[in-house]
Every structure is written in structure tokens, then in C-alpha cells.
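FYI, side chains are in, hydrogens and waters are out, and symmetry mates aren't considered; it's all heavy atoms of this structure. Please read these numbers as outputs of a predicted model, since none were measured by experiment. By convention in this document, chain letters (A, B, ...) are assigned in the order of the sequence lines, proteins followed by strands, and residues within each chain are numbered from 1.
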Amino acid sequence: MAKGRGLGGGGGKGVVMRDAETGNAASERGDGNCCIAWDTQDKHLIFSTSRSTLFIQFWPLSSSFSPTDIRRLSHHRSAITGLAVSPSGNSIASCSLDHSVKLFSYPEGDFQSNVTRFTLPIHCVAFSVTGSMLAAAGEDDGIKLISTIDSSIIRVFKGHNAPVVSLAFDPNNEFLGSSGSDGTIMCWSLSSGKRVHTIYHAAPNTDLNNMCRNGIAWHPKGDVLAVPGRKNGVDVVMYDRDTGEKVFSLKGGHSATVGVLMWSPNGKYLATAAGDNQVILWDADNRQDIDSQKFEAQICSLAWKHKGNALAVIDAYGKFGVWEPVVPSHMVLPNDDLMQPSAIDREELLHFTDDEERDGSEDDTNLSGPDRELDGSPVAARRVHKHKDAVEHVTLKKSSILEKNGLQPQNKHMHDLDGVFTTVPTMQSAFQPCSTKPNSGTRYFLTYNLIGCITSCQNEGLSHVEVEFHDTGRGVRVPAMTDYFGFSMAAMNESGSVFASPKKGEKSPSTILYRPFSSWASNSEWSMRFPAEEEVRAVALGSGWVAAATTSNYLRIFSEGGLQVAVLSLEGPIVTMVGHQELLAVATHAALPFTCGQQIIKFMVLNLNERVITMEGCLPLSPGSYLTWLGFSEAGKLSFYDSKGILRLQNKQYGGCWIPIFCSSKEVKGEDESIWMVGLNDMQIMCVICKYPNKEPQVSPKPILSIFKPVFPLAHSDLGAEDLENEFIIKSLHLAQMTDETAHPIDDEDQEEEILKLEADLDRCILRLIAAACKGDKLVKVVELTKKLTLDKSWKGAIKLVSAMKLPALAERLSSMYEERMNRESYQDQEPFVSHTLQNSQVLNPVPHSDLNPVYHQPASVAAVPKPASMVVREIDCNTQKAENSESKANVSLSKQKVASMEEKSAKAVSKNAITDMSTEQNSMKPKEDVNPSNTVQAEAVQRANNPFAKSVSNPFAKPPATADSQSAMSLLDSLKRMKNSENESKGRGRPNKSAKHS
Amino acid sequence: MAGQSNLQLSVFSAAEVEFLAEDEQIDIVPNVRMDTLHMICGDYGPFRPQIPVKVPLWLAIALKKRSKCRIQPPDWMTVEKLTQVLEDEREAPREFQPLPFHYVEISRLLFDHAREDISDPYLVRSLLEDIRDVRFHKVESGLENLSAKTHAVKLKNLAAMEVNIVRPFIVRALQCFYKHDSEELVKQSASEVESQAVSSDRVPRRTLRPR
């Protein structure tokens, strides 16, 4: 069978080259399209020559070469240019000059599908690490990324100006590397489809007839991409994964440019084949060539055996062979993972290679070589003795490697056949929110918040601490401080800063120092020293208090002046804590983390003024993550950020559940950006974007805050209006918070206006959602959405919208719902004052708002409600006076009424109180008609009491003239204000005192 | 250069072009807290320390002069972007790389007023000057191609200052070609031609507006 024999390079061992196409002499010069690969089990060699046939060859060859050992797949119509074996080992993909990529099952070898077709020849194909994607490229414009499941095209990467000749998926499944025949290397992000790096003129210029194929390969760890060198004498250049910069190069081996290269499974060795017909083995760590092998023709494809010290090669004529053993026996084996070395594994592997060397045919019946060795046959034992020297040598080397890698010595003994160790996750150490890691020599942040920052710089034992406010207009300038304590923690707010230092030996115990930014007293800073066994782990401060958590699980609280107010016990080791006005949030470890690494952290929120715990519970971290930031929003809501980039906010709704309001991975532009949280308020998340390799901001240049909107991790609905739904949730949440806060006292006019504005915003968002739902023909959803509208104007808008969308049935339904709602609302609001409302509606409605839609008029059903007899009398008394009063009050209390309609419960409660008020008020009202100007106290009482009253009658007034739904909330407010003003003016003329009261 | 030799012919003076460029938006990082500014051209702000906000260049410079903000140089004003542009500019002799319409003026204003906010100011400045030279050279060499058969000159991605400099020359040259090309026009009386020339002087103004 042997048609040629490679000349022995370094080791004196030859590589037997076999011709695949037996009996069919490959006479013409190969065009370099030959490819070779091992299957994942190392049972077969899969290769193609420059013809259209794909071979699956049983390896090692049996002594009697039988035709059953080789399988031919002749599905392609033209020469195969590339092949790839899926990581699962179930399929083979091949690409060809016939413009198609075909998928074959393995090991059956059945044709499965034509994955894709190109318009021009294809030159390379590659499976992703997970096997779910396949990339193919060639002379077409664009690299196709294809899903192996349904053969759909996921992405097309366009950018190469020359045919693409090599593709390589990054082992971390983030990038795809590609090389063009013009020597351009590009790196693409699989998730975003963007080009991450472009390196022009990196690899040699080749044309497609050349066998030199600009093969590229990622290091198995994925940190570097190996690319053939362009310059004379430089064989391989390594480019950094993240920066795209040159890391190092391998030089001085080949006398021609490198065509293909392959990393050994452990990434320690690199095999390169070049135009000088040589294959060179490099030690990547030492950047040296180890061995070389000279062949008759240029090698155009290489494949490392997955488990074994062997390299399969195929030359341009389609002759293939296996170089075995490749790596000299005294060196680490190519598949031996340095991170999990084990002495026994190595010995076995040594024997295995030994066996192969001696009698290659012995393994024919035994497919899984290493397994056999585990039996511990006497043959193996004998060889242990024989190769004792070699083994000792290797173990010696290995132990030195272990030391180099800083592994624990016991790991050496604790070996696992699969090389898998179960690691026990550790509890994260305490940290200060918004601080960066200390860096000797450079300045780092002790804290960086929305007010300012405290930076420190360690220099020869002393550090220099600076406090800086973001707002330079604040006037206070805090002098820099030389820090003799070595502060490693700090916190600041508007009024002061607190620093803490860890324990440093016996003489300097752990210390905290408080420095107010301004004080009336001269020496108002103070410090505390802790007992020797106690060390501060976290500090926080708020309005008038300072807190420190220590290793003894104590939470010590001090007053602003340095008084020790309380010492509390914590439930577990402190993780972090943060203060906001009178609130202090403390996060402590509750238990050992889950095996996935997810920390189990409890939190509690203390109100230090009232000395109560307002909230406590567990922090719902993302799976496998740890806490990286804890803080209060500007409104005083607790939120935290974990290492998976999810920001969660505690919410009063749903019983104080945490809601994920932000996911950094969805917001950052590239893979190399990360988000460092600083703070948030109701509608904005403020953070610093850090570019790789920095995960944390640098002090200079001063980091700039970026603002993001909250984004909920919503599922993709069939409607496709995720943005709107997101907006809808955010706004309704915000509105709920607003109204919740204002549930008790609603006396702030601005706040009411804000609520009204927010409601209008929300309604506008809902209307757009309705439009989307109408388009998608989701009528139930439309009805649901319509029910969520608050403003009557929006209801009308919705009805109009639906009828414009030509859904008359739905429009009718909505109108009936609207009427029902009007009835119910007026009924609920007005039932106690039916008589008044009746009066008012009769008196007022027709006069100032005659242009209103008839729907707004009091429905007959309400009018028909029997009047309580007691009311009738009053009704007459108040009749005229009410007409005026309510007119002026209605507008003032309009927004209040809105709130009330939102929160029907609270409104009811208010109105109930109002009834009692009412009766007293009615009495006072009558004389008021006459004595009014003199009695201001009484007049105020009237006004207060009138509010609920106005609430009931304001309905007719609340409705602005019917306008298009696009009208903004501002214009609504404005028109209301205008009405109010004009009314006040007219009244002012008649009754000066009253107008003064209203304005 | 053709246009530069006779500055009076420019429709706008350099200062005027710079004035127009001041309406371009730019990011600033304020270091004071300030409410929204209500200007005739729009509302800007609110300003919060350390949070970038977009304002017109004139406002940015006004704030910078009072040291109330830092100006963030635009993306294209970085060494790597400019190096790339310069390289591309040199590689493609026939086309202009897309740069902001007012890149000459903006960079000039930033160098005058916010030099300390630019990283690597020397390198950036020299790169910008190189780019400008390369582009002017291209314009010049492109003008040599003007011939009697030229009816229009297409200059994509030309910046305001560049247009301003060559405008009078190109317009006049084309007019002359046009005039000499058609016999009717030559026959027409001189006064007519003059009046035409005057009216067509206005053309560039109109074309500039839509930008």
C-alpha cells in the first residue's frame, strides 16, 4: 500500500503515506484541496482528495487491507474543498467546488441534506463548538452561518474583499475567525453579527490555485488566534482574542509561508504545514520548534488525534498518513490537559503510544485504546518497568508545571479518570458598593456615587485620599488627606464621608473615621478603634448616622457626632451595606452558595430613625452569580446588581417581590463592554460602561455616566410590540408607585400634575398597543388593554381607533364597555351624594359644556336612583351655591378625582369621610352665602370639605372637549389651567376674597 | 489653489462657515446641576453632573468658557478613526471619505476652546491637517478634469469648508464652459451674459440651504 515514505525529520521516524485511491494513480498534480479529519472517537480518519469523493477510513489500518475498511461517499459533483466533523460526532459536513455544503450522518455515512448552496465555489466549512451552527464561505460575498438543525441561515457576515479560505470558531463560542486569500483576517461576533476585529495584511497573499490556504486556528482556550505570518521568516503570528493585537510569533522554522496550522488538543503544541513540504511541531509556550517532518509534497491538511499522540496529514496528491508519535516522549502529551494532570493517565497514554509504535495492528480489534489500558494487563505492567525512566522524567516535569500553575499539591493525587473535579464554591467576600479594586501606584475609587467620588492612591505605604463632588458648583471643597491608616473602604453622601481601614497587625487595629463636609463646630471629625479581634468589613452612612459591620458579625451604629447609638448582631458574615437617608440596607451571607456558585444572601432594611426593620428577605440573585452592587434608588427603593448583569428592584406590589428591570447583556454594544452600576432613579439607570479589559472604571479620565432605560426581560410575543409592552410595564409600575406614595396625603399639586401626566403617557402607550393588537387581530387583547385606560379621552380615542381600523363589532363592544364604566364610576362616586350630583348635572351640564358628547351626561339610570329624603332638603339649600362652588373647585380637584378613580378603594374611603364632613359643611355653607368674606377659617373648612364633593361633581368637568387621542398630556393640563384661570378671574371680580383663596 | 487665490469670490467667509458649524450638536459632560435651558432653537438639558447631554456647539463652548462642563470630542475625532480615514483617503484617490460636513470647523473650534478635553491633541491635530491636505489635493486634481464636456461635477462627502473654497471657481468655470460651448450664448449680447452670471451667483446659496 505504501506508495511513498516521508523522510524522517528529527526523530528518525518516518511517516508512511498511503494513497487513498488505490488502483487509481493520482497522476496529475494535486490542487491542494485535500482535507483530513479524525472522528470524535478517533476510530476513523475522514478525508477527501482533490476529487469529489469523501473517504471514511478505518484507522489504524488492519494488516490485511480490506475494502470494507474504507467507505466512499460520492455525492459531490466536484472536488471537495473542506470538511468538518461535528463536535457530537454525529455528522460530517463537506463543502465543494460544486457550490454546495452537504451534511452526512456519521458513522453511517448517509447523505442527510444539502445544507446550503452558494453561487460560487465554497472553500471552507466549520462547525461551531456546540455543533449547532455551521459556517461556510468561499468565493461568494459573505460567510454564511447556518443552523444545523433546520439549515436556516442565521447570519451572513459580509466584509471580505477576497475569497474566504479558512474559518475557525472560537472555542468559547463567541467569535468566528475568517481569513481571506488576500491575507485579511476578520473576527466576527456570533451574537451580534458585527465585525469585532479586522487585521489587514496579516496572512500571506495567496491565490486559490495555491495550496497555501491561510489556515487559521484558535487556541483551545480561545485566548489567541494563530495566523500564518506574512513577513519573511515569521511563520505563525498569534493575535489576541479581545484586542486583535499581535501577542507573539513563531519564527525560523519554515522556508516558505505556512499554509495550514493546527493546535494540539491541550493547546501546548502547534503543528504547521508550509510550502516547503515540511510539517513543523512547535512548543507554543516556549515558542520553539520541537520537531519537523519532511514530505514529498506539500501537506494541505492536518488533524490531531483527540486522544493520542498522533497527527494525521494529507498531501496535495491525496496521500495521507499519520505521524505518530508526534510529540517526543519526554514532553507533555498533546492531549494532556495541564490543568488536570494525573500521573496514571499519563502512564497509560505512554503505554498506549508505545503499543502503537511497536505493533500498530494490535489495536485493530480493540477500538478504544485507552480503555483497554485501564484493565491493567500484565503487558502494560511490564512496560511500566521498561519505561520507568521516561515516566519519572515526565512526572518530574509535571510537578514543576503544577508548581508553575499554582495548583494545590493535593490535587495531584486526587485524580479523576474524566479529569473533572467538583469544586466547592466559596462565599464572596465583603465589598463596598461602587468601589474598584486597589491598584498600587494608580488611583482607584473607594466609592463613586451620584454625588461624588472618593479616590485613593497607595504609594509607599502611605495613601493619598481625595474627595471630589461631581457638582463643582457646590461650594464645599474638601481638602485632600494623607491617610496613615490605610483606608480601604469609604462611603459618602451630601453631608459627610466615612472611611474604614482593616486591621494591620497588633499595633494598628481596625479604625473608622468620619469626616463631615461642613460643620458649625471646628473639630467635628471623629474616629473609632475596634477591638483587636474585630475588623470592619463594610461601612455606610445616611442622614445623621454612620454604620460599620465587622467580622464579629456586629453592626455598629454611630450618630453623626460620634455617639455609639447601637450595636446589633448580624445573622451572618457581612457582604455589603448601603445607606440612604434614614434607611440602612445590610446584606449578609445566609448559607454556603449553591454548587453553581450562586450566593445565598439575605438582606434587611433598617429604619434607623424609628429603630425598626422595614424589610427583610433573601436576595434573588441570578443562577451562578454573586452580588456586585447594592443601592437605593433616588426614591429610596432597594435594588441590587449581580455578576450576570441583572439589576433588580424591590417593588411594593406583589408583596414586595423583586423585579428584574435591567439586563446589561442586552444593552451593551459589543462583547467587550461591561456595565458598572452606579445608581438609578425611577426611570433611569445610571452606570459606567467599561471597555475590556477593564471591568471597572479608571479614575482618570473621570468616568462618564451612561443612562439606560429600564428594560424588562419580556418574552417575545407574537404581536412583536415588545418595546411598547416594555414601556407599558415601566409606566404602569411607575404610576403604581406614584399613586402608592401619594395614597395617604394628596396635597402636592405638582405631584398630582405629574400623576396626571404619567397617566396620559401610559394611556398613549396603551393606545399604541391597542393599535398593534388590532393589526395583529388580537381582539381579546384589545379589550383587555382598553380596560386599563384611565382617562376618558383615551377611551374615546380607543373607540375611534378601533372603528378606524374597521372593526365595528369591537368598536361597539368598547362603546358599551365605556358606557358601563361611566355608569359604574358615576354610580360609585355619586351614590352617597346622588341628590347633589343630580342637581349639578342638571344645572351645570348643559350650560358650560353643551358641546360635550352625550355620553358624558348623567345617565338616566343614575338620575333614577331614589334620593335619600334627608338629602332633598339640603339639596335645595345648596342648590345655587353649589353651582358656583363646584364650578371653581372642580378644576382644582380634577386631578385628585383622577387618583381616586385609579384607586377606587382609597377614594371610597375618602368619600366616606366626606359624607360626615358633608353634613357639617352643609350647615356652614348656608351662612357662608351671606357672611362669607369675613369668616376665612370657615371658608377653608368649606374648601376642604368641598373636595370630595367636587370629586363627585367634577366628572362632567373632567372631560375636556373631545380631541384626537394624539393630544399630549401637557395640552390637557394647559387647557384645564386655562379654564381654571378664567373662572377664577370671573369669580375674582365678583368675590375678591374667594378668588384670593383659590389662587 | 484656485478658489483660495481669490477669497472675495467665496460666498461665505471662513468665519461665516464656522458660525454655521456652531449649530452642530455635541456631547458635553456638565459638572454643575442646572435646569433645562429654553433657547429659541430648542430646549437643552436638564444638566446633571457627570451625565452627558447633547447641546449645540456654541452652547458647549459657552459653558466650557465658564468651566461648567467638559466637551466630549466626537467619535470621529479619535486617533484611530482619523488614522483609518487618512489611510482610506490616501487609498481611494477618486472619492472622499465620509466625515462630518463641518469637520474642519468643529475640530478647529474644539482645539481653540477645549484642547484639554481631547486626548492626544497633537496627533489628532496633525492627522486632521493631513486629511484636510489630502482632500484639498484631491479637489484640486479633480478640478483639472473639468472640460468642455463637463455638465456637472459630483463631489460626494465634500465638507462645508472645502465646498466653500472651490465653489466660486467651479461655478464660474462651468459657466464659462457652458457659455463657450453653446453658440447661441456666445452670440448673445454681453449684458445678457452678465446679468445671467449675476443671477447664477445665487445658485450655490440655494444649494447649501437644504443641508
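- Other residues, nucleotides and ligands contribute over 12 non-hydrogen atoms within 6.0 Å of the NZ atom of A:Lys666.
- When the shell of 6.0 Å around CD of B:Glu80 is examined, it contains 12 or fewer heavy atoms from other residues, nucleotides or ligands.
- Few gaps surround CZ on A:Arg230; more than 12 heavy atoms of other groups in view lie less than 6.0 Å from it.
- Within the 3.5 Å criterion, the main-chain N or O of A:Pro703 finds a donor-acceptor partner in the side chain of B:Gln50.
- Within a 6.0 Å radius of CG in A:Asn161, other residues, nucleotides and ligands contribute 12 heavy atoms or fewer.
- The side chain to side chain contact (heavy atoms under 4.5 Å, CB included) check on B:Lys81 picks up B:Thr78, with sequence neighbours excluded.
- Heavy-atom minimum distance, B:Pro52 versus A:Ile704: CG-CG2, 3.0 Å.
- For B:Arg94, the CZ atom sits in a loose shell: 12 or fewer heavy atoms of surrounding residues, nucleotides or ligands are nearer than 6.0 Å.
- The interface of residues 26-39 of chain B with chain A, defined by heavy-atom distances below 4.5 Å, comprises B:Val29, B:Asn31, B:Val32, B:Arg33.
- Contact annotation for A:Ile707: only side-chain heavy atoms (C-beta onward) come within less than 4.5 Å of a heavy atom of chain B.
- Contacts of A:Glu468 with chain B are absent, with no heavy-atom separation under 4.5 Å from either backbone or side chain.
- Applying a 4.5 Å heavy-atom cutoff, none of the residues of residues 82-91 of chain B approach chain A.
- Checked against side chain to side chain contact (heavy atoms under 4.5 Å, CB included), B:Asp117 has the following partners two or more places apart in sequence or in another chain: B:Lys64, B:Arg70, B:Ile71, B:Ala114.
- Between the CZ atom in B:Arg48 and the CD atom in A:Gln684 there is a gap of 6.5 Å [rounded to 0.5 Å].
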